[in-house]
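Take a look at the structure below.
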Amino acid sequence: MKTAGTISRAAISAYFMRTEFDRSTLSHPSVYEAALTGRVKLQDHFFIDGSLGLAKIEHADYTQRKDKDVFATATARWQY
């Protein structure tokens, strides 16, 4: 029997986030992050969640230094 709130077998979404730290300083660090996220329903109560994205940091160490990185996550989740 299906109940209200049951999700489909798969879902995908995207997000963008900007975070600024210590804005009172002249060269404050800023992080820009963009990613795709997804969820796959394997069984009635078992899901795999994951994300794949890019992050860019400006003014790392409160200097003009910039950095970038690629990240990925995966989580197995069981709901009861």
Side-chain angles (χ1 to χ4, degrees):
M1 171 168 50
K2 292 195 175 204
T3 61
T6 302
I7 68 166
S8 64
R9 298 221 41 100
I12 190 166
S13 61
Y15 74 89
F16 175 79
M17 181 171 43
R18 183 180 84 183
T19 307
E20 294 184 352
F21 299 91
D22 202 6
R23 290 177 33 176
S24 63
T25 62
L26 184 59
S27 294
H28 61 275
S30 298
V31 178
Y32 301 88
E33 180 179 330
L36 292 174
T37 63
R39 172 180 294 159
V40 176
K41 184 176 182 179
L42 298 177
Q43 295 178 356
D44 284 344
H45 301 284
F46 186 62
F47 301 86
I48 299 291
D49 299 329
S51 64
L52 177 64
L54 300 168
K56 177 182 170 185
I57 303 169
E58 292 182 347
H59 303 293
D61 302 331
Y62 296 91
T63 64
Q64 293 299 319
R65 189 172 77 84
K66 296 180 181 182
D67 198 3
K68 58 186 171 188
D69 200 5
V70 176
F71 63 90
T73 64
T75 306
R77 186 166 47 91
W78 180 69
Q79 284 183 310
Y80 57 93

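Just so it is clear, the structure is predicted and the values come from calculations on it, not from any experiment.
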Passes side chain to side chain contact (heavy atoms under 4.5 Å, CB included), Q79 versus F46? Steps please. CA-CA 6 Å; Q79 284 183 310; F46 186 62; over 6 Å; no

Residues L42, I48; criterion side chain to side chain contact (heavy atoms under 4.5 Å, CB included); working and verdict: CA-CA 7 Å; L42 298 177; I48 299 291; 3.4 Å; yes

Take Y32 and T19 through the test side chain to side chain contact (heavy atoms under 4.5 Å, CB included) and record every step on the way to the result. CA-CA 7 Å; Y32 301 88; T19 307; over 6 Å; no

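Using a 4.5 Å cut-off on side-chain heavy atoms (C-beta onward), F47 and W78 make no contact. Under the 4.5 Å side-chain criterion, counting only non-hydrogen atoms from C-beta, H59 is in contact with Q64.
By the rule that hydrophobic residues join a cluster once side-chain heavy atoms approach within less than 4.5 Å of another member, Y62 and I57 end up as members of separate clusters.
Checking side-chain atoms of R65 against main-chain N and O of E58 turns up no donor-acceptor pair under 3.5 Å.
The CG atom of D22 sits 11.0 Å away from the OG atom of S27 when rounded to the nearest 0.5 Å. Between atom CZ of residue R9 and atom NZ of residue K41 there is a gap of 6.5 Å, rounded to the nearest 0.5 Å. In this structure, the separation between CG on L54 and CG on D69 is 9.0 Å, given to the nearest 0.5 Å.
Applying the salt bridge (charged side-chain N to carboxylate O under 4.0 Å, His left out) test to pairs two or more places apart or on separate chains, those with a residue in residues 42-52 are R39-D49, D49-R77.
Between A34 and F71 the shortest heavy-atom distance is O-CZ, 4.3 Å.
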